[in-house]
Undergrad: 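What follows is a structure written as structure tokens; I'll ask about it next.
Positions are given from 1 along the sequence. The figures here come from the full heavy-atom set of this structure, side chains too, leaving out hydrogens, waters and symmetry mates. None of these values were measured; they are calculated from a predicted model.
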Amino acid sequence: MQLIDQAGQYLAPAVSAYGAAVLTRAESAAVDGTANVGRRILQTVWHRRDELGRADLEAAVRDVDEAPDDEDAAAALRQQIKRALREDADLLDELSKLLPAGGETVNVTASGERAIAAKSITYAATGDNATFGGDRRTDA
């Protein structure tokens, strides 16, 4: 499912930031946006599950919390989301609304001295004596 692929990237950061309490904790302004999207996804699924479904989701979250680099634990958590989606037709629409517009993921990498990276940028000047529109920019 495409939604699982899109949502999956938010789950581990949420568990990393909030721990096993991710299912019940309030959003924290100190936590980055990716983790907060994951927290909202996990809480939405958790609130829509029955007692057994909640217990299974809690166990999967605990496994990811205890072994954040374990791909099997991450896959088991994604499987819990898939199961919830199969059992609740309205959940797909609700989770889709939580994902950033278009489900777009942008990875930008910069390396090297004075390298910059940006998804979109209006103005960037790097290096010594950089200029823009005849206006000399210098370090203050």
Undergrad: Applying side chain to side chain donor-acceptor pair (under 3.5 Å), name anything that partners D50, two or more places apart in sequence or on another chain.
TA: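 With neighbours one apart ignored, the set is empty.
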Undergrad: Let's go through V22 and D65 carefully: what are the C-alpha distance in whole Å and the side-chain angles of both, what is the deciding distance for side-chain contact (heavy atoms from CB on, under 4.5 Å) to 0.1 Å, and is it a yes or a no?
TA: CA-CA 10 Å; V22 68; D65 185 41; over 6 Å; no
Undergrad: Should T24 and W46 be marked as a side-chain contact (heavy atoms from CB on, under 4.5 Å) after you check the CA-CA gap, both sets of side-chain angles, and the distance that decides it?
TA: CA-CA 9 Å; T24 56; W46 189 76; 4.1 Å; yes
Undergrad: Are V45 and L57 packed together at the side-chain level, in the sense that at least one heavy-atom pair is separated by less than 4.5 angstrom?
TA: yes
Undergrad: Is Q80 reaching over with its side chain to a backbone N or O of E58, donor-acceptor style, under 3.5 angstrom?
TA: no
Undergrad: When you measure from the side chain of Q9 to the backbone of Q6, do you find a donor-acceptor pair of N or O atoms at a distance under 3.5 Å?
TA: yes
Undergrad: Tell me the closest heavy-atom pair linking R25 and Q43, and the distance in Å.
TA: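 It is O-NE2, 2.6 Å.
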Undergrad: Apply side-chain contact (heavy atoms from CB on, under 4.5 Å) to residues E51 and R54 and explain how you reach the verdict.
TA: CA-CA 5 Å; E51 189 175 329; R54 285 183 179 187; 5.8 Å; no
Undergrad: Locate the shortest heavy-atom distance separating V31 from N36; write the atom from each residue and the value.
TA: O-ND2, 3.1 Å
Undergrad: If you look at every heavy atom in A14 and G38, which pair is closest and at what distance?
TA: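 Taking every non-hydrogen atom into account, CB-C, 3.5 Å.
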Undergrad: Do you know which two heavy atoms are closest between A17 and A35, and how far apart they sit?
TA: CB-CB, 3.8 Å
Undergrad: Less than 4.5 Å apart, any side-chain heavy atom of T44 and any of L95?
TA: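 Yes - at least one pair of side-chain heavy atoms lies under 4.5 Å apart.
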Undergrad: Run the side-chain contact (heavy atoms from CB on, under 4.5 Å) check on V61 and L77 step by step: do they pass?
TA: CA-CA 6 Å; V61 166; L77 181 55; 3.8 Å; yes
Undergrad: Scan L92, L99, L98 and name whichever one has a side chain to side chain contact (heavy atoms under 4.5 Å, CB included) with S96.
TA: L92
Undergrad: How close do D72 and D70 get, counting heavy atoms only, and between which atoms?
TA: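 Heavy atoms of D72 and D70 come nearest at N-OD1, 2.8 Å.
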Undergrad: For A67 versus A73, what's the shortest heavy-atom pair and its separation?
TA: O-CB, 4.4 Å
Undergrad: Looking at D88 and R49, would you say the former's side chain and the latter's main chain have a donor-acceptor pair under 3.5 Å?
TA: no
Undergrad: To the nearest 0.5 Å, tell me how far I4 CD1 sits from L85 CG.
TA: 5.0 Å
